[in-house]
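Naming convention: chains lettered A, B, ... in sequence-line order (proteins, then strands); numbering from 1 in each chain.
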Number of protein chains: 2
Amino acid sequence: MRHAEFDKQKVLRAAMCTFMVNGYAKTSMQDLTKATGLHPGSIYCAFDNKKGLFIAAIEQYQLDRTQQMQQLFTNERSALDNLRDYLGLIVQEGLSCDATQSCLLTKSLSEMGEQDDQIKQITCEFLQSWHQALSQIFERAKQQQLIPQQSDSQFLAQYLVMGIYGLRTVATTQPCIEVLQPLADKLLRDLISG
Amino acid sequence: MRHAEFDKQKVLRAAMCTFMVNGYAKTSMQDLTKATGLHPGSIYCAFDNKKGLFIAAIEQYQLDRTQQMQQLFTNERSALDNLRDYLGLIVQEGLSCDATQSCLLTKSLSEMGEQDDQIKQITCEFLQSWHQALSQIFERAKQQQLIPQQSDSQFLAQYLVMGIYGLRTVATTQPCIEVLQPLADKLLRDLISG
DNA sequence: AATATTCTTGAATACATATTCAAGAAAGGA
DNA sequence: TCCTTTCTTGAATATGTATTCAAGAATATT
């Protein structure tokens with residue numbers, strides 16, 4: 001027996017970045033071999049084909065993002081303070097003007113959702129689980145009596161998801177803090193004010 | 001002298017729909033000749049190349065959307081009622097699950113903004129002018145004393161733009177009225193409540 | 001050390017795609 | 001009616017791309 005030589009996580013993160021910058025269609029296998037350091041044969045051996053590598057990269061993206069969120073919200077602070085920091089992070093990502101800081105899920109859904117049912121299903125599922133994670137945070141805020149008891153956590157999370165989608169798109173056209181921060185601030189205010 | 005035979009608007013709208021469904025990269029010249037009824041030579045004669053046709057299609061899209069908005073807001077009703085209907089229209093578009101009802105500007109910006117400065121500039125400019133049009137509507141609402149005098153029309157318009165971006169993305173993952181309508185309703189409430 | 005197994009390499013293949021161009025068709029002016 | 005001009009046609013070209021595969025290299029086992 002002989003083991004594969006490459007570091008799968010490194011390869012997937014490199015592919016991830018390439019797909020985020022170029023999109024799926026405009027990323028060539030040549031781009032991917034350059035970014036990952038793998039030769040075509042190795043890629044096809046490990047991931048079947050270009051789409052297989054793409055899906056694996058999306059799954060790695062979801063893994064990374066999920067871990068990041070768990071770290072951000074695992075502490076003894078108020079859930080609202082954590083939410084404020086989380087929105088601050090998204091503002092920062094928007095300011096960075098760095099495509100690798102954007103959302104691979106919504107980007108892929110926008111590019112391929114209409115043509116590829118599998119990609120649509122995977123991205124939608126991952127975005128839903130993000131929505132669920134946010135729901136639980138609002139649920140905790142309700143238990144901590146930080147928001148009214150009659151609040152609908154699911155709905156608040158959905159509204160926040162909507163706001164973040166919107167914030168990220170605004171950031172594409174106007175990546176400046178004078179625009180993004182007031183939007184994020186009002187979004188948080190509107191969420192907790194009933 | 002001899003005049004061109006084809007109807008430019010029809011051609012541009014056909015190309016527009018094709019680009020909306022497939023995206024730019026995945027739309028082949030063959031797709032475009034089929035959709036427009038033009039032969040390659042005619043397309044290259046009239047629009048230089050694929051990108052030229054794409055830009056012309058985007059400009060037609062902006063023209064159509066601008067006219068649509070002017071019609072929706074040109075009446076004697078309250079600006080807020082008009083805004084409510086406008087959001088209702090966007091909810092309807094989201095429910096339709098029809099790619100040709102989505103926003104070509106944000107889709108193109110997401111796909112190509114990172115790679116093509118010209119496309120980025122054009123789409124950003126058009127999205128800005130949409131923002132401006134909404135600003136004027138809030139300005140009118142202020143004059144009609146429908147919203148507080150100290151309201152910042154620019155900011156309200158920016159927040160509405162953010163909300164609509166978000167609403168459209170939510171619609172991609174959950175095109176059902178039970179999800180979209182409450183989001184749109186809260187968005188409008190949050191806008192006019194200070 | 002020898003051998004079997006698995007991984008790696010990268011040139012070759014097969015296919016798709018954007019673009020060109022020269023010949024043909026239609027329209028207007030003399 | 002003839003001729004010039006302009007538009008149309010679509011096959012040909014040149015380029016790019018995803019994928020394959022057979023030979024070579026590395027590892028583990030006997």
**Item:** side-chain contact (heavy atoms from CB on, under 4.5 Å) evaluation trace for A:Met162 with B:Met162
**Value:** CA-CA 9 Å; A:Met162 176 184 88; B:Met162 176 184 88; over 6 Å; no
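One atom, NZ of B:Lys50, and another, C1' of D:dG16, lie 13 Å apart when rounded to the nearest Å. Regarding B:Asn22, its CG atom lies at a distance of 16 Å from the C1' atom of C:dA18, rounded to whole Å. Distance, A:Leu53 CG to D:dT19 P: 11 Å, rounded to whole Å. In this structure, B:Lys51 atom NZ and C:dT17 atom C1' are separated by 18 Å, rounded to whole Å. Atom CG of A:Leu38 and atom C1' of D:dT19 are 16 Å apart (whole Å). The nearest whole Å value for the distance from the CG atom in A:Asn49 to the C1' atom in D:dT17 is 14 Å. As rounded to whole Å, 16 Å separates atom P of D:dT6 from atom CZ of B:Phe6.
Considering only residues two or more places apart in sequence or on other chains, B:Asn75 meets the side chain to side chain donor-acceptor pair (under 3.5 Å) condition with B:Asn82. For A:Phe19, the ring pair (Phe, Tyr, Trp, His ring centres under 6.0 Å) partners are A:Tyr24, A:Phe54, not counting sequence neighbours. With sequence neighbours left out, the salt bridge (Lys or Arg N to Asp or Glu O under 4.0 Å) criterion links B:Asp85 to B:Arg77. By the side chain to side chain donor-acceptor pair (under 3.5 Å) test, A:Gln144 pairs with no residue at all, sequence neighbours left out.
Checking the phosphate oxygens (OP1, OP2) of D:dT20, no side-chain nitrogen or oxygen of A:Tyr44 falls inside 4.0 Å.
For residues 23-36 of chain B, proximity to DNA chain D is found at no residue, defined as any non-hydrogen atom under 4.0 angstrom from a strand atom.
Within a 6.0 Å sphere centred on CD of B:Gln121, other residues, nucleotides and ligands contribute 12 heavy atoms or fewer.
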Shorter than 3.5 Å, N or O on both sides, protein versus nucleotides 10-14 of chain C: list them out with atom names.
{"residue": "C:dG10", "atom": "OP2", "partner": "A:His39", "partner atom": "ND1", "Å": "3.2"}
{"residue": "C:dG10", "atom": "OP2", "partner": "A:His39", "partner atom": "NE2", "Å": "3.2"}
{"residue": "C:dG10", "atom": "O6", "partner": "A:Gly41", "partner atom": "N", "Å": "3.2"}

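Shown here for A:Val21 and B:Gln115, the closest heavy-atom pair between the two residues is O-CG, 4.2 Å.
Separation of the A:Phe126 and A:Tyr61 ring centroids does not fall under the 6.0 Å cut-off.
A donor-acceptor pair under 3.5 Å is formed between the side chain of A:Glu111 and the backbone N or O of A:Ala25.
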